[in-house]
Amino acid sequence: MFPITEPAVIICRNADDLAPQAAAQFVSLAANAAIRSSRFTVALSGGSTPRALYSLLAAPALKDRIDWRRIHFFWGDERCVRADHSESNYRMVHEALLSKIEIPPENIHRMAGEKEPQLAASEYEDELRRTFQLTHGQVPRFELILLGLGEDGHTASLFPGSAALDETNHLVATAYVEKLKAHRLTLTLSVINAASQVSFLVSGASKSAIVKQILGATPARPDYPAARVNPANGSLTWFLDAPAATGLR
Ligand code: 6PG
C-alpha cells in the first residue's frame, strides 16, 4: 500500500545523527504551537531508538528552548507492566527526559500499564477525550506522534494480524502479543492517522529489509501495520539512519 501522503524520508549518516534531526523537528513544531499559543500534544514512541531523542531534548542546549508548560506528553503504546518495570515505556521516557525537565505533572498522560489491560485502555480513552475535549465519535488530533518500526512491520503495539489494526470504535486498544507472551496497550490507527505530524524513527541494519518493504519501489504488503500509517490530513516523515536505509535507492 503506497502512503496516501508522500512521506518525507530523511536519511541520516548514522544513529547519532538521527536524534538531532528528530529533535530539530520537535523543537520547530513545539515553537509553532507556542506561537499559536496552543498546547503541543505529543504521543511518544517506546522501544530503544527514540531514547537518544528524549535524552537530547533534556540536554541543556535544547531543554531551555522549549516551553514545557505547553507540552503534553502521551504514549503511543505501553507494555502492561508497572511504571517502574524495566520494560515500561513510561520508565524509559522518565529516565531519559521527564526526570530532567520542569514540566507540570498534569501534562504527563501515562498509560496505566499496571492495571488490567481493558480497564487501562478504557481509562486512557477517557483521558484522551477529556484532554482533547472530544465529543462522542471524535478522534484526537495530536500535533506530533512518534513511532518506531519493528522488523515484522509493527509500529506502536500494532502487530501484524492483530485485531487492534481494524479497531475503529475505540481510540485505545489492547493487544496480546503471542511471540512476546505479553499484553500491550496501543493507540489505534484512527488516532495515529488523524495526527498533524507522524514521524518514524528507525535505526540499524536489522531494519533495512522491512524499511525496503514499506518505503521501497514495490508496494508494501498492506498487512504491515507501519504501511497503514497514512495521516489523511497530516505529514509523514521517516527519519532513517543509513544502515536502515540501505535497501532504498
Ligand atoms: C515498543 C514500541 C515499538 C518499537 C519498535 C521498535 O513499545 O516497543 O512502541 O513499536 O517502536 O518495536 O523498537 P526499537 O526502537 O527498540 O527497535
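In each ligand, atom 1 is the first atom listed, and ligand 1 is the first ligand listed. These values consider heavy atoms only, across backbone and side chains, with no hydrogens, waters or symmetry-generated copies.
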Any donor-acceptor N or O pair under 3.5 Å, side chains [X], [Y]:
X: Ser157; Y: Asp77; result: yes
X: Glu125; Y: Ser122; result: no
X: Gln133; Y: Thr131; result: no

Quick check on contacts: which atoms of ligand 1 are under 4.0 angstrom from a heavy atom of [X]?
X: Ser45; result: 11 (O)
X: His154; result: 3 (C), 5 (C), 10 (O), 12 (O)
X: Gly148; result: 11 (O)
X: Lys207; result: 6 (C), 14 (P), 17 (O)

For [atom], closest protein heavy-atom neighbour:
atom: atom 13 (O) of ligand 1; value: Gly47 CA, 4.0 Å
atom: atom 6 (C) of ligand 1; value: Leu149 O, 3.5 Å
atom: atom 16 (O) of ligand 1; value: Ser48 OG, 2.6 Å
atom: atom 15 (O) of ligand 1; value: Thr49 OG1, 2.6 Å

Self-check item: Thr155 N/O under 3.5 Å from ligand 1 N/O
Solution: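 For ligand 1, there is no N or O atom that lies under 3.5 Å from one belonging to Thr155.
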Exercise. Assess the pair Phe239 and Phe200: is the distance between their ring centroids shorter than 6.0 Å?
Key: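 No, they do not, as the ring centres are separated by 6.0 Å or more.
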Specify side chain, backbone, both or neither for [X], according to which of its non-hydrogen atoms lie closer than 4.0 Å to ligand 1.
X: Leu147; value: neither
X: Asp77; value: side chain
X: Ala156; value: backbone

Quiz item: In terms of ring plane angle, is the pair Phe26 and Trp68 parallel, tilted or perpendicular, where the classes change at 30° and 60°?
Solution: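 It falls in the tilted class, 30° to 60°.
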Practice problem: Indicate the atoms forming the closest heavy-atom contact of Ala194 with Val139, along with that distance. | Solution: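 Smallest interatomic distance, heavy atoms only, reads CB-CG1, 3.8 Å.
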Quiz item: Any salt bridge between Arg70 and Asp67, counting N to O under 4.0 Å?
Solution: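 Salt bridge: yes.
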Quiz item: Is any side-chain heavy atom of Leu97 closer than 4.5 Å to a side-chain heavy atom of Ile101?
Solution: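 When only atoms from C-beta onward are counted, Ile101 and Leu97 do touch, with a gap below 4.5 Å.
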Quiz item: Out of Met92, Arg79, Glu78, Glu151, whose heavy atom sits nearest atom 1 (C) of ligand 1?
Solution: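 Nearest option to atom 1 (C) of ligand 1, by heavy atoms: Arg79.
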